[in-house]
Visitor: 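First, the structure itself, so that you have it in front of you.
This chain uses plain numbering: 1 for the first residue, then up along the sequence.
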Amino acid sequence: GRVITAELAILSAELQPGENGVWLNSRGGKRGVVDLVLSKKDGYITKRVPLPDFVSEKLRQMYAKAEVKKRCPDLVLWSLKTRKIRLVEVKCPLWDRPSREQTRFLMAAELSGISAKVVEWKPGGNVGCG
């Protein structure tokens, strides 16, 4: 009964015990969305939190290594205890596919030892991993 984006629904489903994560909808690499909050004045607004420095730095390194200008991924998940990072790109196969830059970024992450994947969703709540 609550309004939520596919990215935030998948973020919630992907989080493992001891992990934090965000949706990088602004593509800035320093802050990410963790929730949508209803504002009487503005409708739904995003609740943002800062990323830990080690996450921001690793994203910066990956953007440079993959030589991409468009930001990727949609979701970044991390453990403060282990400092491990996981990346998830969210796509609806009915109208969206990973771009060449996104594919290059995710492949560069995998080659650097960072778990990266694409999760597909369809209207109606079906989610699958790719």
Side-chain angles (χ1 to χ4, degrees):
R2 148 167 216 258
V3 173
I4 193 164
T5 66
E7 290 84 0
L8 289 175
I10 292 169
L11 174 63
S12 178
E14 283 287 324
L15 282 171
Q16 297 176 1
E19 282 187 327
N20 295 300
V22 297
W23 170 29
L24 291 177
N25 78 329
S26 64
R27 309 291 193 241
K30 297 278 185 184
R31 298 174 62 79
V33 175
V34 292
D35 201 1
L36 292 178
V37 180
L38 182 59
S39 162
K40 290 181 181 179
K41 179 181 175 188
D42 300 317
Y44 285 96
I45 58 173
T46 56
K47 178 180 175 187
R48 298 176 184 278
V49 297
L51 274 67
D53 289 340
F54 79 94
V55 174
S56 292
E57 178 58 22
K58 184 56 78 173
L59 286 172
R60 187 194 64 73
Q61 291 171 6
M62 294 311 308
Y63 298 142
K65 185 174 188 169
E67 298 177 346
V68 297
K69 293 184 181 178
K70 291 183 182 178
R71 298 298 188 208
C72 177
D74 288 313
L75 308 177
V76 178
L77 302 98
W78 66 88
S79 166
L80 290 174
K81 185 176 181 179
T82 64
R83 296 176 69 90
K84 286 191 176 183
I85 299 171
R86 296 188 304 122
L87 309 175
V88 178
E89 184 64 27
V90 178
K91 297 292 180 189
C92 179
L94 300 177
W95 60 74
D96 197 14
R97 300 268 186 253
S99 70
R100 287 182 195 168
E101 286 185 323
Q102 290 169 334
T103 300
R104 191 167 62 235
F105 180 87
L106 295 173
M107 287 174 57
E110 283 282 339
L111 290 172
S112 296
I114 297 172
S115 173
K117 68 180 180 179
V118 176
V119 171
E120 295 181 340
W121 70 276
K122 293 182 183 172
N126 299 325
V127 176
C129 298

Visitor: Report the distance from atom OG of Ser56 to atom CH2 of Trp78, rounding to the nearest 0.5 Å.
Guide: 8.5 Å

Visitor: Report the distance from atom OH of Tyr63 to atom CZ of Arg60, rounding to the nearest 0.5 Å.
Guide: 11.5 Å

Visitor: Counting C-beta onward and ignoring hydrogens, is there a side-chain heavy-atom pair between Leu24 and Asp74 closer than 4.5 Å?
Guide: no

Visitor: Could you tell me the separation between the NZ atom of Lys84 and the CZ atom of Phe54, rounded to the nearest 0.5 Å?
Guide: 12.0 Å

Visitor: Going from CD on Glu57 to CG on Leu51, what distance comes out if it is rounded to the nearest 0.5 angstrom?
Guide: 12.5 Å

Visitor: If you define the side chain from C-beta out and look only at heavy atoms, does anything of Leu80 sit under 4.5 Å from Pro52?
Guide: yes

Visitor: Report yes if the side chains of Leu59 and Ile85 come closer than 4.5 Å at any heavy-atom pair, otherwise no.
Guide: no

Visitor: For the atom pair CD (Glu89) and CG (Leu75), what is the distance rounded to the nearest 0.5 Å?
Guide: 8.0 Å

Visitor: How many angstroms lie between atom CD1 of Ile10 and atom CH2 of Trp121, to the nearest 0.5 angstrom?
Guide: 8.0 Å

Visitor: List the atom pairs, donor and acceptor, that lie under 3.5 Å between side-chain atoms in residues 109-116 and the rest of the protein, sequence neighbours left out.
Guide:
residue: Glu110; atom: OE2; partner: Ala116; partner atom: N; Å: 2.7
residue: Ser112; atom: OG; partner: Lys65; partner atom: NZ; Å: 2.9
residue: Ser112; atom: OG; partner: Ala108; partner atom: O; Å: 3.1

Visitor: Ser79: which residues meet the side chain to side chain donor-acceptor pair (under 3.5 Å) condition with it, sequence neighbours left out?
Guide: Thr82

Visitor: Spell out, yes or no, whether Met107 and Val118 are grouped together once hydrophobic residues are joined by side-chain heavy atoms under 4.5 Å, including indirect joins.
Guide: no

Visitor: For a quick test of reading the model, state the closest non-hydrogen atom pair linking Val88 to Pro73 and the distance between them.
Guide: O-CB, 3.5 Å

Visitor: Step by step, would you call Leu77 with Leu11 a side chain to side chain contact (heavy atoms under 4.5 Å, CB included)?
Guide: CA-CA 8 Å; Leu77 302 98; Leu11 174 63; 4.0 Å; yes

Visitor: Locate the shortest heavy-atom distance separating Lys122 from Pro93; write the atom from each residue and the value.
Guide: CE-CG, 3.9 Å

Visitor: Could you pull out the closest heavy-atom pair between Gln102 and Lys91, with the gap in Å?
Guide: OE1-NZ, 3.1 Å

Visitor: Could you report the tightest heavy-atom contact between Val22 and Gly32, atom names first, then the distance?
Guide: CB-CA, 3.6 Å

Visitor: Restricting to non-hydrogen atoms, name the atom on Glu14 and the atom on Val119 that form the minimum distance, rounded to 0.1 Å.
Guide: OE2-CG2, 3.9 Å

Visitor: If I compare all heavy atoms of Asp96 with all of Val90, which pair ends up nearest, and what's the gap?
Guide: OD2-O, 4.4 Å

Visitor: Backbone N or O of Glu67 within a donor-acceptor pair of the Arg104 side chain at under 3.5 Å?
Guide: yes

